[in-house]
Colleague: 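Sharing a structure with you now.
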Amino acid sequence: MGELFDNLRLGFATALSLLNLALCLGGCLIGTLIGVLPGIGPIATIAMLLPITFNLEPTGALILLAGIYYGAQYGGSTAAILVNIPGEATSVVTVLDGHPMARQGRGGAALGIAAIGSFIAGTIGTLVVAGLGVPLSEVALWFGPPEYFSLMLLGLSLAIVLAQGSLLKAGAMVLLGLLLSTIGADLETGQDRLTFGFDDLSDGLDFAVLAMGMFGFAEVLRNLESDEPQPKIESKIGRLLPSRADFKQALGPILRGTGLGAVLGILPGNGAVLAPFASYALEKRVADDPSRFGKGAIEGVAGPEAANNAGAQTAFIPLLTLGIPPNAVMALMVGAMTIHGIIPGPQVITNRPDLFWGMVASMWIGNLALLAINLPLIGLWVRLLRVPYRLMFPAILVFCCIGIYSLNNRPSDVLLMAGFGLAAHCLYKFGFEPAPLLLGFVLGRLLEEKLRQALVLSRGSFLPFVSRPVSCGLLLVALAVLIVALLPAVSKKRAEVSLS
Amino acid sequence: MGRVSGDLGGGLCLIGIAALAIWQGSDLELGTLRQLGPGMMPRVLAVLLGACGVALAVRSLMARSAPATAVQEPAVPPPVTASGAGGRWASLRAPVFLLAAAGAFGLSVRPLGLVVAAPLGILLSLQASADATRGASQRRRLLESVAFAFGLTLFCVLLFRTLLSLPMPVAPWLIGY
């Protein structure tokens, strides 16, 4: 326990340096900005801003990127409540009760409770990261190649199950992502693979290029095609501080949502996206009068928002302890770390305690800052929501181009990004989702490396994957997850969720 | 596009991608289980991907040949894209202009710098929106577009080059960097 406090003190000393504090605040501000704006998400923004972090010291770079990430979660809820459009995929649930509250003139209370709930969840989530980081990284130290392989397989099967729509299509997208990751020089022999003779491809595809194409460029295409009229913004916000009764009603949902989110966030394979849905379903079940939900129940805002933020926080755990990024944002963090020569994994905590604990501390500072930034600046965010999309998307596009070009100073990256964007758009029209593809791509290289190592160690036998208890357990869970998703009752539920 | 024909198209796409990958990886060594070669992973993944494609395509063909039992999608109205003239052209408008914008940016940024590439990209992408052709008078729209393109370019130069000092060529033919 005393050690934890010493570590946290080191973390706060790092995070409170003037530069890091400024980066944390700046990141939160940028994150909120893009979270509020529909049509540009955290993945595209982090990919876009990655080149900026080249000049920074690694701790500062990660603090900035992390700030953008959870700032975007906050901003997304603002758009959801005031405009009835989820600025982020994770705030889909907030729309259900948040927007009705805004229509009743209680938008301020909804925003307030979302911010307070997120702060409480963020605080607890930060403590979970701090508490679990060291023990989990010790567990990870005796993970061998078979365990890593099985864990990643579990992550991929979760990604398949968590995607919307058909399991077969999500599985195909994971395979496609894995296949794309094999492009470039072979890890052992250095031979060019699937490069079609282009020299620019022999380093492999840049993850930022792929992510920006699929989440920046394709998103613009999709928005232009849906051609919706400018949404109506609720201008009456009302008082921001929730009343005592509101707060009393919301406290239970906040704590339950935090618990759910924290547990789901740790799962590899982006379990955090599930957290708001799970929390909403739970609150509806335990409520005295479930019919209020969908008509402006404050529990329906507080629970999912807390779950969302707790999940966003604990999603750092697999990255920081095992070196396995659970989602696309975390994969970009890996990119930022490797640029500075830091290989994410269990050794980070021991080798770079300032980096690990500085990041943990900055998460809490960032959450506090968001509470202070988001609420007073509401007027500014509302005004931003009024910028017409016809002027916004050219700006998004040019920022994407500049960001991608400055990653490697390679014009071909810009063209590749546009190509992937168009391909993703076509796949989307056929009912394929981009998220499982990205996770497959993210884990692909590591998966192949660990598989090959494991087979060399076992002299070509697959036995260790099932004879080593941890690996076997992970594989069984992966199998169970897929089987459960195929059960008729569950697959019907999934179909309902994706239709609504 | 109904679900059934979409699945057929999607399945065929996957099969095509798998075939492309197998063809490209055909000269790579597969290796043995003891020592996997560079070609093994791509080959296995491509075969699995192709199998997914076949499964999708077959499923949709079977659903089509048995229309009495086929699951009917709830009638989703086709997305309204063609609010201006020429339905088919209108749905291609956004992809064509956005690709052109990114392409023009990518090709011009190194030789001509940001001061040419950015306005080019912005002006081309502005044309992608169906809004470009309706509402206010053409003349006013044009003025607005040009002003917006140059304003945004100035902003980009100040932000990315001056403030963040990214190594972007600004105008190599004019000021040398």
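From a predicted model like this one, the values you see are computed outputs, not experimental measurements. Lettering follows sequence order; numbering is per chain, from 1.
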Colleague: With a 4.5 Å cut-off on heavy-atom pairs, point out which of A/L194, A/L457, A/T195, A/L422 contacts chain B the most.
Modeller: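 Ranked by contacts with chain B, first place is A/L194.
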
Colleague: Can you find a side-chain donor-acceptor pair between B/E29 and A/Q191 that sits under 3.5 Å?
Modeller: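 Side chains of B/E29 and A/Q191: no pair found under 3.5 Å.
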
Colleague: If I take atom CG from residue B/L33 and atom OG from residue A/S461, how far apart are they, to the nearest 0.5 angstrom?
Modeller: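 Spacing of CG (B/L33) from OG (A/S461) equals 9.0 Å.
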
Colleague: Using non-hydrogen atoms only, which part of B/L36 is less than 4.5 Å away from chain A: side chain, backbone, both, or neither?
Modeller: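 Backbone plus side chain of B/L36, per the 4.5 Å heavy-atom cut-off to chain A.
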
Colleague: Quick one: which of B/A21, B/A149, B/A51 has the most heavy-atom pairs under 4.5 Å with chain A, could you say?
Modeller: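 Looking at each of B/A21, B/A149, B/A51 in turn, B/A21 comes out on top.
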
Colleague: Would B/D7 and A/F430 count as a side chain to side chain contact (heavy atoms under 4.5 Å, CB included) here? Give the steps.
Modeller: CA-CA 7 Å; B/D7 275 3; A/F430 283 133; over 6 Å; no

Colleague: With only heavy atoms counted, which part of A/E448 is less than 4.5 Å from chain B, the side chain, the backbone, both or neither?
Modeller: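 Its backbone and side chain both get close to chain B.
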
Colleague: For a quick test of reading the model, state the closest non-hydrogen atom pair linking A/F432 to B/G10 and the distance between them.
Modeller: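 Closest approach of A/F432 to B/G10, heavy atoms only: CE1-CA, 3.8 Å.
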
Colleague: For each of A/A172, A/C401, A/S406, tally heavy-atom pairs with chain B at distances under 4.5 Å, and name the one with the top tally.
Modeller: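 Counting heavy-atom pairs under 4.5 Å, the top option is A/C401.
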
Colleague: Ring centroid separation for B/F160 and A/F399, is it under 6.0 angstrom?
Modeller: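 Ring centroids of B/F160 and A/F399 are less than 6.0 Å from each other.
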
Colleague: Enter the distance from B/M40:CE to A/L455:CG here, rounded to the nearest 0.5 Å.
Modeller: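 One finds 9.0 Å between CE of B/M40 and CG of A/L455.
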
Colleague: For a quick test of reading the model, state the closest non-hydrogen atom pair linking A/L391 to B/F148 and the distance between them.
Modeller: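 Shortest heavy-atom contact: O-CZ, 3.1 Å.
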
Colleague: What's the separation between atom CD in B/E144 and atom CZ in A/R390, rounded to the nearest 0.5 Å?
Modeller: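 Interatomic distance, B/E144 CD to A/R390 CZ, rounded to 0.5 Å: 4.5 Å.
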
Colleague: Just verifying a value: how many Å separate B/S129 OG and A/N223 CG, rounded to the nearest 0.5 Å?
Modeller: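 Spacing of OG (B/S129) from CG (A/N223) equals 11.5 Å.
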
Colleague: Report the distance from atom CD1 of B/I17 to atom CG of A/L180, rounding to the nearest 0.5 Å.
Modeller: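 The CD1 atom of B/I17 sits 8.0 Å away from the CG atom of A/L180.
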
Colleague: Side chain from CB out, backbone as N, CA, C, O: work out which of these in A/Y405 comes under 4.5 Å of a heavy atom of chain B, or both, or neither.
Modeller: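 For A/Y405, the side chain is the part near chain B, not the backbone.
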
Colleague: So which heavy atom on B/L28 is nearest to which on A/D192, and how close?
Modeller: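 Where B/L28 meets A/D192 most closely, the heavy atoms are CD2-O, 3.7 Å.
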
Colleague: Determine the minimum heavy-atom distance between A/L168 and B/A55, stating which atoms define it.
Modeller: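 Of all heavy-atom pairs spanning A/L168 and B/A55, the closest is CD2-CB, 3.9 Å.
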
Colleague: With chain B, which of A/P411, A/G421, A/S458, A/P51 has the greatest number of heavy-atom pairs at distances under 4.5 Å?
Modeller: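 Looking at each option in turn, the highest pair count goes to A/P411.
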
Colleague: In the structure I gave you, are the side-chain heavy atoms of B/L99 and A/F217 within less than 4.5 Å of one another anywhere?
Modeller: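 B/L99 reaches A/F217 side chain to side chain.
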
Colleague: Strictly distance-based, threshold 3.5 Å: is any side-chain N or O of A/R193 a donor or acceptor partner for the main-chain N or O of B/P42?
Modeller: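 Checking the backbone N and O of B/P42 against the side chain of A/R193, no donor-acceptor pair under 3.5 Å is found.
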
Colleague: Minimum heavy-atom separation for B/Q35 to A/E188, with atom names?
Modeller: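 Smallest heavy-atom distance, with atoms named: NE2-OE1, 3.0 Å.
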
Colleague: Can you name the closest pair of heavy atoms from A/L179 and B/A46 and give their distance?
Modeller: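 Result for this residue pair: CD1-N, 4.1 Å.
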
Colleague: Taking atom CZ of A/F54 as the centre, report whether more than 12 heavy atoms of other residues, nucleotides or ligands fall under 6.0 Å from it.
Modeller: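 Yes - once you tally the heavy atoms of other residues, nucleotides and ligands closer than 6.0 Å, there are more than 12.
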
Colleague: Taking B/G37, B/A101, B/G31, B/S145 one by one, which has the highest count of heavy-atom pairs under 4.5 Å against chain A?
Modeller: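 Of B/G37, B/A101, B/G31, B/S145, B/G37 has the most heavy-atom pairs under 4.5 Å with chain A.
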
Colleague: For chain A, which of B/S125, B/G39, B/P38 has the most heavy-atom pairs under 4.5 Å?
Modeller: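 Counting heavy-atom pairs under 4.5 Å, the top option is B/P38.
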
Colleague: Please identify, among A/I402, A/V398, A/I52, the residue contributing the most non-hydrogen atom pairs under 4.5 Å to chain B.
Modeller: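 Going by pairs under 4.5 Å, I would pick A/I402.
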
Colleague: With only heavy atoms counted, which part of B/L98 is less than 4.5 Å from chain A, the side chain, the backbone, both or neither?
Modeller: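 The answer is both parts of B/L98.
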
Colleague: In a check of side-chain contact (heavy atoms from CB on, under 4.5 Å) between B/F105 and each of A/L415, A/L397, A/I404, A/V414, which one passes?
Modeller: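 The passing option is A/V414.
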
Colleague: What part of B/L114 is in contact with chain A, defined as an atom under 4.5 angstrom from a non-hydrogen atom: side chain, backbone, both or neither?
Modeller: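 The side chain, not the backbone.
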
Colleague: What's the spacing between A/S181 OG and B/M41 CE if we round to 0.5 Å?
Modeller: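 Between A/S181 OG and B/M41 CE, I get 7.0 Å after rounding to 0.5 Å.
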
